[in-house]
Amino acid sequence: MDKERIIEEINECPECGGSLEKDLKHGETICNNCGLVVEEEIIDSRPEKRIFDSNEEKMQHGLPMTPILHDKGLGTIIGHKNKGCSGKSIEIYRLKRTQRRSTFNRSRERNFAIASTEISRICSSLGLPRTIRERASTIYSKALTKNITQGRSIMSVAATTVYAACKEYNINRTLTEIEKNSGVACREIGRNFREIRKRLKLKIVPPSPKSYIPRFCSEMKLSQKVSDKAIEIVNQALKKDLVDGRDPAGIAGASIYIATFICGEILIQRKIARVVGVTEVTIRNRYHEISDRLGIDIDINNRNANIKGV
DNA sequence: ACCTTATTCTATCGGAT
DNA sequence: ATCCGGTAGAATAAGGT
């Protein structure tokens, strides 16, 4: 809901003011000048919540809670007296309990503190936003409570949580990239990742090809008609099981390619390939599969398409 | 920890217009 | 020259034993 509005507003780098360039394949925006990655979907530029209503209960004070710090950023030792805070004693008690538990688990805390440092280091050397860093910390913390860290090095699990957080937000970083920036071998990150995903039931869903189509179509100045047709084609392809396991951007590109033939607004493969971030070969392979199975005859030379089946 | 499978990429060439 | 189709080999990701 608010996301669209936020995306509209971003056009220069919040760090250096340089111009931003879209990396459509990864669905992210990168600063041409300083290389900062601005993840469109997770940047929140709204002002801090401040509600000055009658009881002022929702007003934020101080730093926001953050999973990066081992004590969730509380940073203050809570005194033993509950008096003087009328009506708030239960909350104070809960905070004290949290603090007592965190000091109780000292070894875990040390472990987590080291991991947090490592996660922050990896994220900053990969230019990943704060959201990813925080999510990686949260995942690490959960892994810690489920004892997944047992028998694995802190470094390797930390690297894995960064990889997992990226996957969750569809900011795709390859295993090799994480390896280069963490010193942990690809194989190990991969193995840890499978374990963590299973045990923590992380829901990692690849983006639907349909979610790319409107953006790609407007990028290529194609009509709404083409966009609608391409989405229709993806729906048909889904039914025939032609989508799973394939690069969603490739499916989107191929569907758009077919749609341009049907609508008479033909674009060449190379142009579509460049915009969607895959090679011409992929566009070809996908569009052949889809048009074959859907009974769409594409006549490249006569620049038209015949739909046999539906 | 090693091996297998599936997908995509790069590079390249040939045919058609 | 441009566009499309096809292919080989490497790289990548994910899963199984």
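Residue numbers start from 1 in every chain, and the chains themselves are labelled A, B, ... in the order their sequence lines are given, proteins ahead of strands. For the numbers below, each heavy atom of this structure counts, side chains included, while hydrogens, waters and symmetry mates do not.
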- request: Kindly determine whether A:Glu195 and A:Arg199 satisfy salt bridge (charged side-chain N to carboxylate O under 4.0 Å, His left out), including the steps that lead there.
  value: CA-CA 6 Å; A:Glu195 186 71 14; A:Arg199 300 265 299 273; 3.1 Å; yes

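Residue A:Lys271 is out of contact with every strand shown, counting any heavy-atom pair closer than 4.0 Å. Among the atoms of the strands shown, only primed sugar atoms or phosphate atoms (P, OP1, OP2) are found under 4.0 Å from some heavy atom of A:Gly245. At the heavy-atom level, A:Arg187 lies under 4.0 Å from base atoms of the strands shown.
Across the protein-nucleic acid pair, A:Leu242 atom CG and B:dA6 atom P stand 16 Å apart, rounded to whole Å.
Classification of A:Arg130 and A:Glu134 as a salt-bridged pair holds, one side-chain N sitting under 4.0 Å from a carboxylate O. Ion pairing between a basic and an acidic side chain is recognised when a charged N comes within 4.0 Å of a carboxylate O; A:Glu188 and A:Arg191 show no such pairing. Under 4.0 Å is where a charged nitrogen must lie from a carboxylate oxygen, and between A:Arg293 and A:Glu289 no such pair does.
Nearest heavy-atom pair, A:Tyr287 versus A:Ala254, reported as atom, atom and distance to 0.1 Å: N-CB, 3.6 Å.
Bracketed by its first and final contacts, the part of DNA chain C lying under 4.0 Å from non-hydrogen atoms of chain A reaches from C:dC3 to C:dG16 in 5' to 3' order.
Defined by atom type and a distance below 3.5 Å, a donor-acceptor pair is missing between the side-chain atoms of A:Ser141 and A:Thr138.
Take the nearest nucleotide of DNA chain B for A:Arg194 and for A:Arg246: the residue whose nucleotide is more 5' is A:Arg194. Toward the 5' end of DNA chain C, the nearer of the two residues A:Arg197 and A:Phe261, judged by each one's closest nucleotide, is A:Phe261.
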message: Each nucleotide in nucleotides 11-17 of chain B should get exactly one letter: B, S or -. Can you fill that in based on protein heavy atoms under 4.0 Å?
response: B------

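Of the possible polar contacts, one joining the A:Ser153 side chain to the A:Ser156 backbone as a donor-acceptor pair under 3.5 Å is found. Using modelled atom types, no side-chain atom of A:Gln150 and backbone atom of A:Asn147 make a donor-acceptor pair closer than 3.5 Å.
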